[in-house]
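To start, the structure under review is shown below, and the notes come after it.
Lettering of chains follows the sequences in order, A, B, ..., and the numbering in each one begins at 1.
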Amino acid sequence: MYPAMQGIMAIVGAVSVCLTYYFVSNWLLDNVFLPAKGAHISRNINRANMIRPWLFLAPALLVLCVYLAYPVIETLRLSFMQRQGAEFVWVGLDNYQQMMTEDKFWEALTNNVLWLIIVPAGATAMGLIAAQLTDRIYWGNLAKSLIFMPMAISFVGASIIWKLVYDTRPIDQEQIGLLNALYLFFGGDAPQTWVTMPFWNNLFLMVVLIWIQTGFAMVILSAALRSIPEETIEAAILDGANPWVVFFKIKVPQIKGTILVVWTTITITVLKVFDIVYAMTNGQWNTQILANYMFNKLFSANDWGVGSASAMVIMLLVTPILIWNVYNARQEQL
Amino acid sequence: MDNIAGSKSSLRWAVHLSVAFLVVLWLIPTVGLLVSSFRTTDQISTGGWWRALMTAEHNLILRTAPPSTQTQINGKYVVTGSLAKSGTDLDIRVWGVSSRAIDDYTPGATAKLSKGGEITVSKDGHYRMEHTLPFTGKRGTRIFLSSALPPEFTLDNYHKVLFDPKNVEGMGQAFLTTMIVTIPATIIPILIAAFAAYALAWMQFPGRALLVAFIVGLLVVPLQLALIPLLKLHLNIGIGKGFIGVWLAHTAFGMPLAIYLLRNYMVGLPKDIIENARIDGATDFQIFMKLIVPLSFPALAAFSIFQFLWTWNDLLVAKVFLIDSSGQTVVMTAKLVEMLGTRGGNWEILATSAFVSIVVPLLVFFSLQKYLVRGLLAGSVK
């Protein structure tokens, strides 16, 4: 039980350290360094109020800078270096050049582009359909919560769930994978090994992520659909629009902004997810993606230089979304 | 929307059916794994989980007792016994004495053996072999049979995965490790983020807008970039791989979302209450502890659920910052991946282990869904 004790102590320790920090630093500020009394009372109060936000922010900023901001710069630096023994030597663009010559990298990049197109599109479309349909029936909330459920399942758990669906047995045995059973039932001649089937296996892996992300898209789009002013829809119906026209011409244009948010959020998830490919194929049979390529470089090949270079490629792909998000956040605040 | 002109009843039926179809489609993969986790090895290999409620059939090759056990009764040499292995039941439908014709005989019938003599096999696997001459050879005669496998559900898999001390998978141990990683990694970031979010929402200071933009930017930074530098850092400052490293990493990686969510929520709190408290002489610290924290409960709950699900389900951070070569600190997700490699065909163990790891997040999800949805909406829709 030693690690469990360590865990409990970590909780108690960290919580009390944090609370003590906030309390003591605040108390010191008010009572020792800049007391709200004496000759400089108003100056002290003003200065204390200038400093206090930074006291509240300090731990969070420290953690953010060390664990997120610094690594971005450090990874960029490491991508120009190569490890030789314990030393890092500057090698310029060698890592990038080496990466460019590897077939696996191009395979990962091509597959990643496919993932970036198909998964956000698939999940957003399915989410939109599910949101629109479930909003109109009395058991919609139950249906929603069941479609949303895969969100709670780990990517690894989902991979196992789908691996059973894609399972293949020799032709003379009973199939225990649902997909092969259906395939044979509808006239297929021999069981297929879905995860090794060139090109299509990528789609079978993407299905897993679409299955997980659809719930997320549905929840957000459903809220957006509900916020559409009722009058616009009623007016369209009175003008004789059929449900399809109402949906595509009246509703969808009004939630365009939300669709874009959902799309970009799923895009970021796609770029980060490595678990599904790692658990189901580990990039074999032409299913490599960048996140898994990077992990393999890092821990199987132990090549920190090329690993960092491929991480920078992922960062590069995220950057447009990053800029767009920051731009939007700035707009809102003004 | 029911009373709006234009919604036809045929369309309403179509909607109901499509939603039902979607729900079934979304549930089926999980149900398959759940059902499989309650089936025995034999059951799983003889038919898909969708047949779990039907009687299946499986073909077996079993041996009678060896000739050394024969006795002499009324001048005949006799071997008797049961084909069923101890602890299992047979329900023989057809049987035979050759691999090419396993359906020659029904239970109770008597077959001629190729080496001489005859054998009678009953439905439950009891047999009687007779011959006027002694049976020879070292091993028993092979009987080919097809036996019915009635539907059967068992908790044995769960017992084996969680409690069996001989079980090399050690899922019980991994469960504990996951808990130890998850709980501090959920609690610590909330505390730190709440103070920061309050400062960003309700305190005036230069550079505030810039900081918010900085955090929005960090929201998107892929985890992958942090791995190498932080591993290097942890090794340099002596944390190495272990719980402290993984708690720190999870705390940090959850921080942008935590601050963003909490700040968005806190900004929306009624201004009057906070201004009044200020006028009454409350300090920022008091306002935070007595007003903001209780009022922000929904947002705090939403973030805790996110962070809990994320840390519980995480594989990457644990693999990089926690799991060392000792193998004592393997989290469940990593264990599952390991099993996929070594026991890819043992679906009863895989399915059960997967469910052990899935069940806690599912419970959290279904009991606290309200907060989760609220949090999602606060995070992405303005």
Side-chain angles (χ1 to χ4, degrees), chain A residues 3-4 7 10-11 14 18 22 26 52-53 56-57 59-60 63-64 67-68 71-72 74-75 130 133-134 136-137 143 145-147 152-154 156-157 160-162 164-165 174 176 181 219-220 223 237 258 261 268 271-272 275 279 294 304 308 311 314-315 318 321-322 325-326 329-330 333, chain B residues 1 4 6 15-16 18-19 22-23 26-27 29-30 32-33 46-48 180 184 187-188 191-192 195-196 199 203 205 209 213 216-218 220-226 228-230 243 247 252 255 284-285 309 313 315 333 336-337 340 350 354 357-358 361-362 365 369 373 376-377 380-381:
Chain A
I11 299 175
C18 289
Y22 290 114
N26 197 57
R52 199 180 333 271
F56 279 26
L57 280 165
V63 163
L64 286 175
Y67 276 80
L68 284 165
V72 174
E74 177 70 359
T75 302
L133 292 178
T134 51
R136 315 185 59 175
I137 55 176
S145 117
L146 292 175
I147 295 175
I153 295 175
S154 60
V156 176
I160 293 179
I161 287 174
W162 282 89
L164 181 60
V165 174
E174 280 280 334
I176 65 166
V219 165
I220 292 180
I237 291 173
T258 313
V261 169
I268 294 162
L271 279 169
K272 290 181 184 173
D275 321 37
M294 188 246 165
W304 289 22
S308 301
I314 301 177
M315 185 67 207
V318 176
I321 299 174
L322 190 149
N325 276 1
V326 171
R330 301 280 295 172
Q333 283 187 345
Chain B
M1 212 170 277
I4 293 176
V15 169
H16 278 281
S18 331
V19 174
L22 262 182
V23 169
W26 247 250
L27 274 183
T30 318
L33 200 74
T46 51
I180 297 169
I187 294 174
I188 300 169
L191 196 67
I192 300 178
F195 276 95
M203 292 163 101
F205 61 95
V216 170
L218 288 183
V220 198
V221 170
L223 210 54
Q224 272 78 9
L225 269 90
I228 304 175
L230 292 183
F243 285 112
W247 289 326
M255 193 61 60
D284 275 313
F285 196 77
L309 291 178
N313 289 337
L315 171 69
T333 44
L336 287 173
V337 174
L340 265 177
L350 256 181
S357 88
I358 290 172
L362 280 187
F365 174 81
Q369 204 179 15
V373 170
L376 267 185
L377 295 178
S380 23
V381 185

All salt bridge (charged side-chain N to carboxylate O under 4.0 Å, His left out) counterparts of D284(B), not counting sequence neighbours:
R52(A), R278(B)
What option among A196(B), S357(B), P29(B) has the most heavy-atom pairs under 4.5 Å with chain A?
P29(B)
Does any heavy atom of chain B fall under 4.5 Å from the side chain of M315(A), the backbone, both, or neither of them?
both
Holding to ring-ring contact (aromatic ring centres under 6.0 Å, His included), I want the full list of residues that pass it with W304(A), two or more places apart in sequence or in another chain.
none
Quick check on N26(A) against chain B: is it the side chain, the backbone, both or neither that has a heavy atom closer than 4.5 Å?
side chain
Below 4.5 Å, heavy-atom pairs only: which of P53(A), A143(A), A311(A) has the largest tally toward chain B?
P53(A)
Might you work through the side chain to side chain contact (heavy atoms under 4.5 Å, CB included) test for V72(A) and V221(B), ending with a clear yes or no?
CA-CA 8 Å; V72(A) 174; V221(B) 170; 3.8 Å; yes
Of the backbone (N, CA, C, O) and the side chain (C-beta and beyond), which part of L315(B) lies under 4.5 Å from a heavy atom of chain A, both, or neither?
both
If every non-hydrogen atom of M255(B) is compared with every non-hydrogen atom of A60(A), which pair is closest and at what distance?
SD-CB, 4.3 Å
Top contributor to chain B contacts, counting heavy-atom pairs under 4.5 Å, from L146(A), V63(A), L57(A)
L57(A)
Chain B heavy atoms under 4.5 Å from I268(A): which part of the residue, side chain, backbone, both or neither?
side chain
Any idea which of L271(A), I314(A), V318(A), I321(A) has the most non-hydrogen atom pairs under 4.5 angstrom with chain B?
V318(A)
dist I161(A):CD1 -> I358(B):CD1 (nearest 0.5 Å) comes out at 4.0 Å
For the CD1 atom of I160(A) and the CG atom of L340(B), what is their distance to the nearest 0.5 Å?
4.5 Å
In terms of heavy-atom pairs under 4.5 Å with chain B, which of L164(A), V219(A), N325(A) leads?
L164(A)
Which one, P222(B), S18(B), A354(B), leads in non-hydrogen pairs under 4.5 Å with chain A?
P222(B)
Toward chain A, the part of I192(B) with a non-hydrogen atom under 4.5 Å:
both
What part of V156(A) gets within 4.5 angstrom of chain B, counting heavy atoms only: side chain, backbone, both, or neither?
side chain
For Q224(B), is it the side chain, the backbone, both, or neither that has a heavy atom closer than 4.5 Å to a heavy atom of chain A?
both
Which portion of F285(B) sits near chain A, non-hydrogen atoms under 4.5 angstrom:
both
Assess whether side chain to side chain contact (heavy atoms under 4.5 Å, CB included) is satisfied between N313(B) and I153(A), documenting all intermediate values.
CA-CA 7 Å; N313(B) 289 337; I153(A) 295 175; 5.9 Å; no
Can L22(B) and T134(A) be said to form a side chain to side chain contact (heavy atoms under 4.5 Å, CB included), step by step?
CA-CA 10 Å; L22(B) 262 182; T134(A) 51; over 6 Å; no
With rounding to the nearest 0.5 Å, note down the distance linking CG in L68(A) to CG in L225(B).
9.5 Å
So do D275(A) and T333(B) actually touch side chain to side chain, heavy atoms under 4.5 Å?
no
Contact part of V165(A) toward chain B, heavy-atom cut-off under 4.5 Å: side chain, backbone, both or neither?
side chain
At a heavy-atom distance under 4.5 Å, which candidate from P361(B), A226(B), P229(B), P184(B) has the highest pair count against chain A?
P229(B)
Chain A shares the most heavy-atom pairs under 4.5 Å, among L191(B), V216(B), I228(B), with I228(B)
State the CG-OG1 distance between L230(B) and T75(A), to the nearest 0.5 angstrom.
8.0 Å
